[in-house]
Every structure is written in structure tokens, then in C-alpha cells.
Amino acid sequence: MRYWLMKSEPDAFGIDDLAARPGQTEPWDGVRNYQARNMMRDDMQPGDQILFYHSNCNPPGIVGIAEVARAAYPDHTAFDPDAKYHDPKSDPANPRWYMVDVRYVRHLRRQITLAELKAHADGALQDFPLVRRGNRLSIMPVEPAQWDFILGLEGP
DNA sequence: GCCAACGTTGGC
DNA sequence: GCCAACGTTGGC
């Protein structure tokens, strides 16, 4: 089992939206970045655990935990001319983009803000992409030690 | 709203 | 294959 962090804008789809579908799965569509796609397609497996991160909000940070419910399959929204993330270069015979399904696990007892994570950028989270400058990856791997450290910040 | 950082595109 | 232009991300 692996650990991941996935970013979402709460205005579009936040942890509360995911929690509103208890036990159900939600497609994580719209990923249009090759690095993120490759990780989803090649490395994500059902049961993998996900830090759910809120971006483009105040304050940004980790707000909950989700899990991978289904391994990668073609992102059909790329085929749809009316979809927001339509990509004419992707078609069913040769899909360019993939998505996974995720499932709500729980809210964190408190949000762990980006500022708090950055306070450990020279320590336990030294190699964590999120706290490095200019990071724009919407999906990133989390090492087991990083996962434990971050959840340790959550407190009782 | 600003803007730094970064990925993608396309001319050459 | 280089690289300038452009678009997007996302913190602030």
C-alpha cells in the first residue's frame, strides 16, 4: 500500500463534498498533467491512502483522509466536447488521461495548514514536494515516514 | 488581484 | 532539439 496527497479546490470539490457520499466512490477526473497522470495510472492501487488537501483557499492545508477505491481507468470527461477539461487529442481508442475512484475515510480532527507543514521544511518534511518552492503537482507521493509525521501533527 | 514558478506549445 | 511565448497553478 502506498500513500499520496491529492489537491482539490474546496470551491469545486472539497472534503465535505466527498464526506456527503459515505461509502460511495467518487471519480477523480480532470487531471491534465503528465506527471500526475503517470502516478495515478502506474502506481495507484485500491486501498492506497490519500491526504486530502485544500488548495486555492485560506488557509490551504490538509483537511482529511481518503482512499483509492478503483485503479486508474480512462478519464472519459476528456472525450466530451462540453466538459470543462475536454481534450481533443484524447479519444476512447487512445485515451491520454486517466482517473481513479476515491472514497471518503475521515476528516482530520483539525486542519493541518500549509504554513504548519512548511515549518518542517528543513526537518521531517525536507523531501516533501508540497513544502518545496514552486511546487505545482496536484498529486504527489507521500513517504510512510512523512505520512506518520504529518498525522502526528494532528494531535489527539 | 498579483505574480513567481513551472509546464506546454510551436516556430525555427 | 532549442527556446520564447503563453497559459496555468496556487500562495499570498
Side-chain angles (χ1 to χ4, degrees), chain A residues 2-20 26-44 48-68 72-102 104-143 145-147 149-155:
Chain A
R2 296 177 195 250
Y3 298 108
W4 306 95
L5 179 142
M6 296 173 88
K7 296 179 184 175
S8 189
E9 300 188 12
D11 287 349
F13 188 83
I15 188 72
D16 291 337
D17 297 303
L18 190 64
E26 196 66 23
W28 199 276
D29 59 11
V31 172
R32 298 292 181 267
N33 170 281
Y34 289 106
Q35 234 183 311
R37 177 204 69 180
N38 292 348
M39 287 188 282
M40 270 200 310
R41 187 190 56 190
D42 303 337
D43 298 326
M44 275 195 186
D48 286 4
Q49 300 291 294
I50 302 162
L51 296 172
F52 197 107
Y53 178 87
H54 278 175
S55 67
N56 247 318
C57 59
N58 188 19
I62 298 165
V63 292
I65 296 176
E67 66 183 6
V68 178
Y73 59 104
D75 182 348
H76 55 77
T77 68
F79 311 146
D80 178 1
D82 297 326
K84 183 178 177 188
Y85 295 108
H86 173 237
D87 182 354
K89 294 172 184 167
S90 186
D91 65 75
N94 187 21
R96 172 176 296 206
W97 303 112
Y98 287 78
M99 58 188 177
V100 297
D101 288 352
V102 303
Y104 174 76
V105 174
R106 67 174 178 90
H107 279 66
L108 295 194
R109 290 185 285 282
R110 66 177 188 90
Q111 179 180 13
I112 299 172
T113 65
L114 178 62
E116 186 174 356
L117 295 166
K118 279 186 169 174
H120 302 279
D122 293 327
L125 299 181
Q126 192 172 2
D127 299 320
F128 193 40
L130 188 74
V131 301
R132 292 216 297 266
R133 206 170 63 126
N135 155 68
R136 286 174 51 188
L137 261 187
S138 61
I139 297 174
M140 66 187 71
V142 180
E143 299 303 319
Q146 294 166 344
W147 176 275
F149 180 82
I150 290 165
L151 289 186
L153 296 173
E154 185 187 11

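Within every chain, numbering begins at 1; the chains are lettered A, B, ... in the order of the sequence lines, protein sequences first and strands thereafter.
The distance between atom OH of A:Tyr85 and atom C1' of B:dG7, rounded to the nearest whole Å, is 15 Å. The CZ atom of A:Arg132 sits 17 Å away from the C1' atom of C:dG11 (whole-angstrom rounding). Summarising the geometry, the separation between CG on A:Leu137 and C1' on C:dT8 is reported as 14 Å, rounded to the nearest angstrom. Atom-to-atom, CG of A:Asn33 to P of C:dT9 comes out at 10 Å; the value is rounded to the nearest Å. Rounding to whole angstrom units, CZ of residue A:Arg32 and C1' of B:dG7 are separated by 15 Å. Rounded to a whole Å, the CG atom of A:Asn135 is 11 Å from the C1' atom of C:dG11. Computed from coordinates, the A:Lys84 NZ to C:dT8 P distance equals 11 Å when rounded to whole Å. Spacing between atom NZ of A:Lys118 and atom P of C:dG10 amounts to 12 Å, rounded to whole angstrom units.
No hydrogens or angles considered: nothing links the side chains of A:Asp29 and A:His76 as a donor-acceptor pair under 3.5 Å. Looking only at atom types and distance, the side chain of A:Tyr34 has a donor-acceptor partner in the side chain of A:Arg96 under 3.5 Å away.
Note on A:Lys89: a side-chain N or O is less than 4.0 Å away from OP1 or OP2 of B:dT9. Within the 4.0 Å cut-off from OP1 or OP2 of C:dG10, at least one side-chain nitrogen or oxygen of A:Lys7 is found.
Between A:Phe13 and A:Phe52, the angle of the ring planes lies from 30° to 60°, which puts this pair in the tilted group.
Annotation: of the two residues near DNA chain B, A:Asn56 and A:Arg96, the 5′-most nearest-nucleotide partner is A:Asn56.
Here the side chain of A:Tyr34 is nearest to one of B:dA5, C:dG11, B:dT8, namely B:dT8. Of the candidate nucleotides B:dA5, C:dG11, B:dT9, B:dA5 has the atom lying nearest to any side-chain atom of A:Arg133.
In this structure, CG on A:Leu130 lies 9.0 Å from CG on A:Leu125, to the nearest 0.5 angstrom.
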